[in-house]
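I have placed the structure first, in the form of structure tokens, so that the comments after it can refer back to it.
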Number of protein chains: 2
Amino acid sequence: MVKTSTLQDVARVANVSTATVSRTLSNPDVVSESTRQRVSEAVKVTGYRINRAARNLRTQRSYSVLVLLPDLANPFFSTILEGISSQVSHEGYSLLIASTKQIHESGERLIDYLDDVRADGIIILDGSLDSQVVEMLKDAPQANRILFACEWIEGTKFPSVRCQNRNGARTAVRHLYELDHRKIAHVTGPKENVLSITRKEAFIKEMTQLNLVLKPEWIITGDFSLSAGCLAAKKWIAFKERPTAVFCASDQLAIGFISELSRHNFKVPRDISVIGFDDIDFAEQFIPPLTSIRQDRLMIGETASKMLMARIINPHDDHTNDTAILPISLVIRESTAKYKT
Amino acid sequence: MVKTSTLQDVARVANVSTATVSRTLSNPDVVSESTRQRVSEAVKVTGYRINRAARNLRTQRSYSVLVLLPDLANPFFSTILEGISSQVSHEGYSLLIASTKQIHESGERLIDYLDDVRADGIIILDGSLDSQVVEMLKDAPQANRILFACEWIEGTKFPSVRCQNRNGARTAVRHLYELDHRKIAHVTGPKENVLSITRKEAFIKEMTQLNLVLKPEWIITGDFSLSAGCLAAKKWIAFKERPTAVFCASDQLAIGFISELSRHNFKVPRDISVIGFDDIDFAEQFIPPLTSIRQDRLMIGETASKMLMARIINPHDDHTNDTAILPISLVIRESTAKYKT
DNA sequence: CCAGTTGGTGTAATCGATTACATATCTTGT
DNA sequence: ACAAGATATGTAATCGATTACACCAACTGG
């Protein structure tokens with residue numbers, strides 16, 4: 001095996017104690033100019049690299065953050081990861097990844113990651129955690145090192161970062177309204193999902209506010225996926241009275257919806273205007289390019305990391321109920337158009 | 001803070017030494033039935049959780065694997081990650097993620113991850129590593145804990161896992177040929193990329209074998225992205241003599257290509273047949289559904305993990321030149337069709 | 001019946017960095 | 001000139017698990 005040099009080796013070469021070497025590296029201000037130079041020199045000649053396992057043990061920190069995803073294969077999360085990763089690596093932290101499913105299958109407990117010095121904090125991107133797990137986490141003393149992003153859990157006081165979901169739904173409806181649409185449908189995400197619920201509530205509220213008819217069957221329960229979008233399209237086709245526009249709770253839904261329509265020779269936006277949510281990369285390249293509610297996923301990731309880091313570094317400040325709600329924006333492309341009778 | 005119990009605590013409760021407790025947990029066969037029971041009981045009452053930092057220090061292992069991506073935000077990698085993650089977590093390992101860019105920016109050296117006990121092995125999904133970095137890695141004694149997946153680096157003997165790229169290109173050309181296409185273009189990936197080069201070579205070889213005309217301008221250099229696909233489409237439109245089919249080195253290219261065409265009122269497959277590579281999730285939902293060369297990304301991830309694990313656990317076996325090449329398959333959808341004069 | 005093996009357990013060193021405390025030297029003000 | 005503080009460094013304990021080695025008891029075979 002490769003033997004790397006240790007603090008001892010550096011100390012010997014620089015002719016100081018290990019304490020001084022350690023101080024030089026982690027807190028250079030407290031040592032004198034001359035030793036600082038000697039130590040730096042010694043570090044260079046020995047090729048010293050800190051042994052993180054040793055540091056972690058001594059400081060009882062891992063200098064890494066765990067990100068928990070519902071599903072690793074979902075591209076929606078990749079940009080958020082990018083944001084988290086760039087932020088944490090900037091602060092000298094590493095990024096651990098796991099999926100809810102795997103944790104569940106392996107029978108591990110989430111809190112163990114914090115207790116066994118694998119992670120200093122956890123960012124959870126999954127609001128559909130098992131309620132037993134949540135129960136166990138929410139009053140634990142480690143709870144202040146857990147943060148939700150994108151999704152959250154109603155009735156808990158975990159800090160969270162998310163986008164303006166209500167405003168997003170409202171903006172979507174308004175946009176369609178301004179294009180003279182009066183019969184507007186909505187395809188939701190998974191039934192119990194907080195995002196689905198929030199967006200649906202805001203959708204209903206705005207429809208009511210605008211005095212639009214809202215047939216219950218025009219709210220189609222889906223699950224954010226492409227295939228749920230296809231199913232929703234089939235329902236739309238079967239309606240005797242068809243809405244002229246639809247607000248989909250995700251871009252994947254919208255894309256699935258449009259695809260299915262096109263297989264039945266309907267055209268978007270000729271036959272129906274479609275607006276999505278998220279503004280994923282493909283939205284722009286889809287045919288037709290998709291009108292969507294954009295959330296800044298990079299910023300969600302960065303903000304989440306910053307908030308979590310603050311809590312890790314300063315655990316005694318009271319951060320309860322910290323919530324960051326980031327703005328959304330309407331991106332108008334070609335899947336929505338003026339309604340023509 | 002939360003004080004978790006240690007081996008000492010368990011030992012005290014079970015009335016044995018810490019050595020016995022440690023053995024009971026990591027190697028139950030060597031202790032007697034009765035102590036095993038007493039220790040298990042003690043573990044339960046104390047709520048003992050192993051301190052990984054301590055174990056890592058003592059064993060000089062981190063029980064985690066680093067995956068290095070060129071770009072976290074690229075959804076192509078998410079399924080591969082899923083495969084890696086499920087495999088390593090199955091073996092009790094954790095998954096660390098970093099992007100080439102971040103490593104580069106932070107000035108860290110990849111090899112440090114191995115030396116400083118942050119990772120026991122590295123899976124690299126980026127064949128475009130800085131050549132200086134490669135130079136430094138390839139003869140290092142730690143090199144046997146590094147493995148490439150999807151991409152690889154010509155002229156090194158790192159083990160790698162990849163799909164049948166040549167066969168993929170050949171299959172694509174054949175498919176188009178069998179649909180009576182004789183004028184076939186190719187949009188490549190980034191110029192220096194191994195995948196681009198391999199696929200392009202195989203494309204040329206197959207074209208030659210089939211005795212097809214191969215105008216140099218029909219090979220369009222791109223970069224795997226949607227927008228490169230758009231640019232390529234513009235070139236195609238500008239040709240005086242237009243190929244009737246195109247083999248794109250990635251699905252993203254194909255999608256960008258088709259999108260751009262549709263903006264200029266060309267239709268696929270009416271005006272040109274398009275085949276992609278990868279079979280990403282969107283391929284199926286795109287309009288028209290994309291014919292593509294499918295690679296099993298889940299299996300690439302799993303295989304890569306297994307190979308790496310074998311090397312970590314058994315570093316002295318000679319694994320040099322291990323290479324796994326996984327099969328591809330042709331997925332025929334609607335973006336390719338019989339050529340009609 | 002005893003040497004040699006096997007099985008089970010304990011003692012204590014060890015991994016490598018951090019840091020509380022002690023010590024030594026140097027200022028500074030009166 | 002000297003007490004009091006500031007500055008710089010060293011000594012050694014510590015984090016918590018693993019494991020080489022030693023030990024003892026019980027068994028085996030000749």
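Residue numbers start from 1 in every chain, and the chains themselves are labelled A, B, ... in the order their sequence lines are given, proteins ahead of strands.
The CG atom of Leu7(B) sits 12 Å away from the P atom of dT19(D) (whole-angstrom rounding). The interatomic distance linking Leu25(A) (CG) with dG16(C) (C1') rounds to 13 Å, in whole Å. The CD atom of Gln8(A) sits 8 Å away from the P atom of dA17(C) (whole-angstrom rounding). Atom CG of Asp9(A) and atom P of dC15(C) are 11 Å apart (whole Å).
The backbone N or O of Val31(A) lies less than 3.5 Å from no partner atom in the side chain of Thr35(A), so there is not a single donor-acceptor pair.
Residues Arg61(B) and Thr59(B) have side chains that never bring a donor and an acceptor to within less than 3.5 angstrom of each other. Defined by atom type and a distance below 3.5 Å, a donor-acceptor pair is present between the side-chain atoms of Asp120(A) and Ser62(A). Glu41(B) and Gln37(B) are not linked by any side-chain donor-acceptor pair at a separation below 3.5 angstrom, with hydrogens and angles left out of the test.
Between Thr6(B) and dG16(D), a side-chain N or O to OP1/OP2 separation shorter than 4.0 Å is absent.
Cation-pi geometry between Arg52(A) and Tyr63(A) is not met at under 6.0 angstrom from the ring centre and within 45 degrees of the axis. Geometric assessment of Arg162(A) against the ring of Phe148(A) yields a negative cation-pi assignment under the 6.0 Å and 45° thresholds.
Open room surrounds CD on Gln132(A); 12 or fewer heavy atoms of other groups in view lie less than 6.0 Å from it. Within 6.0 Å of atom CD in Gln8(A), 12 or fewer heavy atoms from other residues, nucleotides or ligands are found, so the atom counts as exposed in its surroundings.
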N/O contacts under 3.5 Å, protein versus nucleotides 8-10 of chain C?
from: dT9(C); atom 1: OP1; to: Ser32(B); atom 2: OG; distance (Å): 3.1
from: dT9(C); atom 1: OP1; to: Thr35(B); atom 2: OG1; distance (Å): 3.3
from: dT9(C); atom 1: OP2; to: Ser32(B); atom 2: N; distance (Å): 3.0
from: dT9(C); atom 1: OP2; to: Thr35(B); atom 2: OG1; distance (Å): 2.9
from: dG10(C); atom 1: OP2; to: Ser17(B); atom 2: N; distance (Å): 2.8
from: dG10(C); atom 1: OP2; to: Ser17(B); atom 2: OG; distance (Å): 3.1
from: dG10(C); atom 1: OP2; to: Thr20(B); atom 2: OG1; distance (Å): 2.6
from: dG10(C); atom 1: N7; to: Arg23(B); atom 2: NH2; distance (Å): 2.8
from: dG10(C); atom 1: O6; to: Arg23(B); atom 2: NH1; distance (Å): 3.2

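Taking the screw axis at each terminus of the helix from dC1(C)-dG30(D) to dT30(C)-dA1(D) from five consecutive base pairs, the angle between the two is 30° to within rounding of 10 degrees.
Near DNA chain D, defined here as any heavy-atom distance below 4.0 Å, the residues from residues 44-61 of chain A are Leu57(A), Arg58(A), Gln60(A), listed numerically.
Salt-bridge formation is detected for the pair Asp112(B)/Arg49(A): a Lys NZ or Arg NE/NH1/NH2 atom is positioned less than 4.0 Å from an Asp or Glu carboxylate oxygen.
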Asp115(B) vs Thr4(A), side-chain hydrogen bond (donor to acceptor under 3.5 Å, both in side chains): CA-CA, chis, key distance, verdict: CA-CA 7 Å; Asp115(B) 286 344; Thr4(A) 56; over 6 Å; no
